[in-house]
Asks: 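Got a structure for you, written out below as C-alpha cells; questions coming shortly.
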Amino acid sequence: MSLLDRAGAGLADLLSGAPDLTELVKGSTVSLAVTGLSRAGKTVFITSLVHNLLSALHQPHRMPLLKVVGEGRLVAARLAGHPASRLPRFPYEQNIEHMAATPADWPARTTDISEIEIDIRFAPSGALGFLLGQIGDGIATLRLRIVDYPGEWLLDLPLLTQSYADWSRATLQLARRGLRAEIARDFLGFIADHGPDTADNGDDAKRAHELYATYLRAARDRHGLSFLQPGHFLDPGALADNPTLWFAPLDLPAGFDHGKPGTLGALMAQRFEAYKADIVTPFYRQYFGSFSRQVVLVDVLGALLAGREVFDDTRRAIDAILDSFRYGQSNILRRLLRVNRIEKVLFAATKADHVPDIQRDHLAALLRNMVALPALDVTSSNAEIDVAALASVISTQEDTVEIDGHRVQVVVGKPVGKDTWEKFFVGNVPAKPPKPEAWGQPFLNIPVFEPPVIDVSPVDGIAHINLDLALDYLIGDKLR
Ligand SMILES: Nc1nc2c(ncn2[C@@H]2O[C@H](COP(=O)(O)OP(=O)(O)O)[C@@H](O)[C@H]2O)c(=O)[nH]1
Ligand SMILES: [Mg+2]
C-alpha cells in the first residue's frame, strides 16, 4: 500500500511544494558553498556555524531564528564521518582550539578547498511531520555539506567567456589606473619591453607571470584590492609549478587572434586557453555541480574604510561574482559548465561586531546597494538573492564615549596580543556608496580583536549576530 493511500486522499495537495517525503525518510543532502573575497571571514563563519549547530540542542537560545531550533524541532546535530575519498576535511576542531586557547587567536589563513558535513535530525512540521510519524519515528535527517574555497577562484568564471585578447585588454586597462599602476610598475615595465611578437625563448613567459602574480598578491595583501584574475595565481597551491599558469596579459594589436607561431603572444594565448580548459572548467564542473545554496561573504566595512579605490574594486568583484549567479541564456555556470541550478544566494556583510548595533542595518543596506539588488532582474530563472549583516563571532562590547560634546556609540575589544581594551569608532556607516567627493583618507588598520572566551566542546556555542537568520534563509526550507 502506498503512503498516500494510507494517509488518505487530499494529501497530495497538502504536500505539493513541500520537501519530498521519501527524501525526508531516507535523508537528503544540501550543499552550501561558502565563498567571499580573501579575509572576508569564511573560515571563521564556517567554524562558528558548525560550533553553534552542534551546540544548538544544549544552548538553543543562541540560534532562535533558525526555525528548526526556535520551534524546538531539532533532535540532534552531529558531525558526519569523513570518507577519505572526498575533499580535504575542513579543520573545524583545530580552528575552535585556536579560538578557545589562551591567549585566544583566530584560525590560520586557508588557501585550499575543504568540506565538512553535519547531520541534522529534526521533527518536520505540519502535515509532513504527521505523515512521518505514521510511518516511522517521525524524525527526518538533513545532511548539510559545507564547502570552503578561496573566493579568488570565483573570479575565474568570467574568464570562460573571454578570449586572451579581450582579457589582456581589460586587465591592462585596469592595471594602468590609479593605485594599481604603482603596484604593477615592474610588471608593466617588463611587458613594455616584451611585446607579443617577441620570440619565445622559454623564459620570458614565466618571468612575466611571476611579475604579474607578484603584483596581484601585493594588490591583495598590502592594498586590500579584490578584483584579481586569474584566481589561481594568488594561491596556486598544488599548481605552483604547473607551466599552464605561466602566462600574463600583454599589449596586443587590434585583430590579435592566436599570435604568430613561436612568439610570446602565441604561447601566452595558448596557456590562457589551457588554464580555462584544464583548471577552471574541471573545478567548476566537479565542485559547483552540487552546490544549490551559496553564501558570499563581504567585508563591507573593511572595504569602506580602505577608501574609494578599494571600495570600487570590491564592487567590481561583487559584480563579476553576481554575473555567475544570473540565470537565463547568459549564465556561465549553466551554459558552459552545465552545472545544477543555484537556488539561493546570500550576500552577507561580515564582522558586524565592528560597528555598534545601531549601525548594522546600514551595513546591510550598503551591501544591498553595492550588489545593486533593487535593480536585479529577479525572475524565476534567477537564483533567489538576499543580503544580511552578520558577525560570526562577537568580539566586542558596546560602549559610549563623548566626542565634541556628543555621546556616540562605540565598540570596545581587546586587540590580539595586547592586555588592554581599546575603543573603536568608525563614524556613521552610510547606507549608500559615498559620493566621489565624500571619501576620506584610506584607513587600513582595523583592529584585530581577540575572540571571546569559547568552550571547545559544543555545548555553549559562540555569541554571534544573525548566523541563525542567515542559515534559516539558506537552508530553512529543507528543515520545515
Ligand atoms: N571581530 C570579528 N572579526 C572577524 C569575524 N570574522 C572574521 N574576523 C576577522 O577576520 C579575519 C579573517 O577571517 P577568515 O575567516 O580567516 O577569512 P577568510 O580568508 O575569508 O577565510 C579573522 O582572522 C578575524 O580577525 C567576526 O565575526 N568578528
Ligand atoms: Mg579561510
Side-chain angles (χ1 to χ4, degrees), residues 33-52 62 87-92 94-96 98-99 101 103-116 146-155 217 220-221 224 226 228 231 234-235 237 295-303 305-306 314 317 321 347-357 359-360 363 388-398 410-418 421-424 426 444-452 454 461-470:
V34 178
T35 55
L37 304 168
S38 164
R39 310 311 280 156
K42 298 176 291 293
T43 301
V44 173
F45 174 85
I46 299 174
T47 305
S48 179
L49 195 66
V50 171
H51 201 62
N52 276 316
R62 290 257 196 247
L87 289 172
R89 186 164 173 290
F90 178 82
Y92 156 71
Q94 288 97 304
N95 292 347
I96 276 291
H98 251 286
M99 283 161 49
D105 202 355
W106 297 94
R109 164 170 226 141
T110 48
T111 53
D112 217 337
I113 188 162
S114 66
E115 69 174 348
I116 189 162
I146 305 177
V147 181
D148 178 27
Y149 71 102
E152 286 86 354
W153 296 359
L154 258 187
L155 291 176
R217 275 191 290 270
R220 180 187 72 180
D221 299 338
S226 10
L228 307 166
L234 288 146
D235 290 309
V295 55
V296 183
L297 304 178
V298 185
D299 184 356
V300 174
L301 187 70
L305 294 179
T314 304
I321 292 172
F347 281 81
T350 50
K351 312 182 196 178
D353 60 321
H354 276 142
V355 297
D357 189 32
Q359 303 268 336
R360 285 171 197 152
L363 213 52
L390 59 84
S392 308
V393 177
I394 299 179
S395 311
T396 62
Q397 292 172 16
E398 304 240 346
V410 297
V411 298
V412 295
K414 189 161 162 285
V416 167
K418 293 201 185 165
W421 288 65
E422 270 176 25
K423 294 188 170 68
F424 185 55
V426 296
L444 289 164
N445 301 318
I446 298 182
V448 178
F449 294 123
E450 262 186 16
I454 291 169
I462 300 176
H464 64 86
I465 299 163
N466 282 343
L467 264 191
D468 48 353
L469 191 70

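Read the numbers this way: they start at 1 and go in the same order the structure lists the ligands and their atoms. Keep in mind it's a predicted model, so treat the numbers as computed, not measured.
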Asks: Which protein heavy atom lies closest to atom 6 (N) of ligand 1, and at what distance to 0.1 Å?
Replies: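 Sorting protein heavy atoms by distance from atom 6 (N) of ligand 1 puts Val44 CG1, 3.5 Å first.
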
Asks: Report yes if some N/O of Ala391 lies less than 3.5 Å from some N/O of ligand 1; otherwise report no.
Replies: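 N/O-N/O distance under 3.5 Å: no.
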
Asks: Among all the protein's non-hydrogen atoms, which is closest to atom 17 (O) of ligand 1, and how far away is it?
Replies: Gly41 N, 3.1 Å

Asks: Between Phe449 and Phe424, what is the ring plane arrangement, given parallel below 30°, perpendicular above 60°, and tilted in between?
Replies: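 Correct class here is perpendicular.
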
Asks: With the threshold set at under 4.0 angstrom, would you say Ala40 reaches ligand 1 through any of its heavy atoms?
Replies: yes

Asks: Keeping Asn52 on the side-chain end and Ile462 on the backbone end, is there a donor-acceptor pair under 3.5 Å?
Replies: yes

Asks: Looking only at protein heavy atoms, which one is nearest to atom 23 (O) of ligand 1, and how far off is it?
Replies: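 Ranked first by proximity to atom 23 (O) of ligand 1 is Trp106 CB, 3.3 Å.
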
Asks: For ligand 1, find out whether one of its N or O atoms is nearer than 3.5 Å to an N or O atom of Val393.
Replies: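 Val393 vs ligand 1: N/O contact under 3.5 Å present.
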
Asks: Taking atom CE of Met99 and atom CD1 of Ile454, what is their separation to the nearest 0.5 Å?
Replies: 4.0 Å

Asks: Considering only heavy atoms from C-beta outward, does the side chain of Ile96 approach that of Thr47 to under 4.5 Å?
Replies: yes

Asks: Under the rule for salt bridge (Lys or Arg N to Asp or Glu O under 4.0 Å), what residues qualify as partners of Glu450, not counting sequence neighbours?
Replies: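 Partners of Glu450 by the salt bridge (Lys or Arg N to Asp or Glu O under 4.0 Å) criterion, ordered by chain and then number, come out as Lys414.
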
Asks: When you measure from atom 10 (O) of ligand 1 to each heavy atom in Lys42, Lys351, Arg39, Glu450, which option holds the nearest one?
Replies: Lys351

Asks: Could you grab the distance from atom OG1 of Thr314 to atom CD1 of Ile321, nearest 0.5 Å is fine?
Replies: 10.0 Å

Asks: Only counting residues at least two apart or in another chain, list the ones meeting salt bridge (Lys or Arg N to Asp or Glu O under 4.0 Å) with Asp353.
Replies: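 Partners of Asp353 by the salt bridge (Lys or Arg N to Asp or Glu O under 4.0 Å) criterion come out as none, since no residue qualifies.
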
Asks: To which of Gly302, Pro447, Ser392 does the heavy atom nearest atom 27 (O) of ligand 1 belong?
Replies: Ser392

Asks: Heavy-atom contact under 4.0 Å between Val448 and ligand 1?
Replies: yes

Asks: Start with the C-alpha gap between Glu398 and Arg360, add the side-chain angles, then the distance that decides, and say whether salt bridge (charged side-chain N to carboxylate O under 4.0 Å, His left out) holds.
Replies: CA-CA 13 Å; Glu398 304 240 346; Arg360 285 171 197 152; 3.4 Å; yes

Asks: Hey, is Lys351 close enough to Asp299 for a salt bridge, meaning N to O under 4.0 Å?
Replies: yes

Asks: Give me the residue, atom name and distance of the protein heavy atom closest to atom 1 (N) of ligand 1.
Replies: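 Ranking protein heavy atoms by distance from atom 1 (N) of ligand 1, first comes Asp353 OD2, 2.8 Å.
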
Asks: Among all protein heavy atoms in this structure, tell me which lies nearest to atom 21 (O) of ligand 1, with the distance rounded to 0.1 Å.
Replies: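 Of the protein heavy atoms, Thr43 OG1, 2.9 Å lies nearest.
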
Asks: Taking His464 for the side chain and Arg62 for the main chain, is one N or O donor matched with an acceptor at less than 3.5 Å?
Replies: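 Answer holds: yes.
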
Asks: Using side-chain hydrogen bond (donor to acceptor under 3.5 Å, both in side chains) as the criterion, list what pairs up with Thr43, not counting sequence neighbours.
Replies: Thr110

Asks: Using a 4.0 Å cut-off to any heavy atom of His354, which atoms of ligand 1 qualify?
Replies: 1 (N)

Asks: Under 4.0 Å, heavy-atom basis, I'd like to know which part of His464 is in contact with ligand 1: side chain, backbone, both or neither.
Replies: neither

Asks: At distances under 2.8 Å, what protein N, O or S atoms surround the Mg ion (ligand 2)?
Replies: Thr43 OG1, Thr110 OG1

Asks: Do Val411 and Pro356 have side-chain heavy atoms sitting under 4.5 Å apart?
Replies: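 Yes, close enough: below the 4.5 Å cut-off.
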
